[in-house]
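Note sheet for the following structure.
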There are 2 protein chains.
Amino acid sequence: MENKEQPSKEQLILAAAEYEFLTKGYDGARTTSIASAAGVTHAMLHYYFRTKEQLFERIVDEKFRTVSHAMFNIMGDPSLPIMERIKCGIETHFDFIAQNPLLPRFVINEIITRPERYEVLHKRLESFVKNVFKSLQDEIDQEAALGKIEKIDIKMLFISIMSLNTFTFVAYPFIEPLMGELMVDREQFLSSRKAENVEIIIRRIKKQ
Amino acid sequence: MENKEQPSKEQLILAAAEYEFLTKGYDGARTTSIASAAGVTHAMLHYYFRTKEQLFERIVDEKFRTVSHAMFNIMGDPSLPIMERIKCGIETHFDFIAQNPLLPRFVINEIITRPERYEVLHKRLESFVKNVFKSLQDEIDQEAALGKIEKIDIKMLFISIMSLNTFTFVAYPFIEPLMGELMVDREQFLSSRKAENVEIIIRRIKKQ
DNA sequence: CTTTGCATTAACAAAATTGTTAGACATAAT
DNA sequence: ATTATGTCTAACAATTTTGTTAATGCAAAG
């Protein structure tokens, strides 16, 4: 019977594997290390998942689903006015990355080393993203024609938002030591960083 | 004697190792694969560099030096007016990343898996960066006091610039398939992306 | 032409990592 | 009580990857 207080060995292994793969990547991860972190013998790991590869697939599947799911929320509520919608999208995206700080590097490294696996995720996102881009671009073009905002390519805007929201987390260990007191209070920093990213994008769009 | 047309085995190995390590990371790299890419037996690799670790050190050293050297150029010419200086710094940084597109991911992964090695690079950059930040901040504060530009924390600006310039290259395989025609002509895309990044930062600083 | 020293290879050895198996053990069904 | 089933372990096996060595070649110095 499923007990919430006593996770099964299988769940323990999955949790340990997730952390190991996300921090060290496929090549850096060790099945023995995963097993011992999960508190089981490494034969156990092979018993449940047969191979390292299959265990990895489980993690990749789940993480790709997480990303895919997040993309749907990030695009913002179409009923909001465009400025509000973009602002809300940025904040949702930022919060998602903040809660999954290891994910971007993992996904990127994974896609680079095994591009074929990305096709599944890409296919799932492709038409959705294209549609949202198109509707956002139409709305932007309309507002721009009225002189209310700058005319801008939504794809460029998208790249900018992704860059601003993601890079801090990916490069955290690189920049943190260079930042002095700025990043010592993590909560404080993240909140002002989020506001900054919104500000940057709003200013980019606002008519001058 | 050193011949420019016939690189030595040692140089061949170093070149192959650089590519292997930059694309696959330390864990993913194989000494046999490096050797065969260099067209030598793998015993040869061990003859010249003894261990994978030592070969890797050579590459890391060189790449960290490259980054360190780049940082000095990126901070811009102090004799220029602040706007020009920042614009020029952004462009220099962008061009550097464009010419070393594999470097950011390598450096980040390397720092995450072996933070102790970063201390050498960090120490070299620390005081320089702090000084440049301070002089830039002073200049910004002066201009802001005159109402010419927005008051802004240079460190925040620095993170924004790094993010915008770097993320595209790090996440290239992730975003490229989502971008339709935008990125098909790479040269064209990079040039407009560079201009966009400058535009974004300038708008962030300009007084509204 | 012989010695010296570095470059090179092939074959081998060691280590690390992944994967398997036979059997033990518990638990629940028959 | 016996059987069946899934869980688990310890020991072992296979594979992959790294590292070594002894022997060979080769070119320059003496």
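Residue numbers begin at 1 in each chain, while the letters A, B, ... track the order of the sequences. Given the structure is predicted, the values throughout are model-derived calculations rather than measurements.
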Rounded distance (Å) that lies between atom C1' of C:dG23 and atom CE of A:Met44 = 14 Å
Atom-to-atom span, NE2 of A:His46 to P of D:dT9 - whole angstrom = 14 Å
Among B:Lys194, B:His93, B:Arg193, which residue meets the side chain to side chain contact (heavy atoms under 4.5 Å, CB included) test with B:Leu164?
-> B:Arg193
Measure from NZ on A:Lys24 to P on C:dT17 and round the result to the nearest Å.
-> 10 Å
Within less than 4.0 Å of OP1 or OP2 of D:dT18, is there a side-chain N or O belonging to B:Arg50?
-> no
Taking only the side-chain nitrogens and oxygens of A:Thr41, find out if one of them lies under 4.0 Å from OP1 or OP2 of D:dT9.
-> yes
Output yes when at least one side-chain N/O atom of A:Thr31 is less than 4.0 Å from OP1 or OP2 of C:dT18, else no.
-> yes
Rounded off to whole Å, could you give me the CZ-to-C1' distance for the B:Phe49 and D:dT20 pair?
-> 18 Å
So CD1 of A:Ile202 and CZ of B:Arg204: to nearest 0.5 Å the spacing works out to 11.5 Å
A:Tyr26 vs A:Phe21 aromatic rings, parallel, tilted or perpendicular, using cut-offs 30° and 60°?
-> parallel
Gap between atoms CZ and C1', on A:Phe56 and C:dT18 respectively (whole Å) = 16 Å
Are A:Phe56 and A:Phe49 close enough that their ring centers fall under 6.0 Å?
-> no
Is the distance from OP1 or OP2 of D:dC8 to the nearest side-chain N or O of A:Tyr47 less than 4.0 Å?
-> no
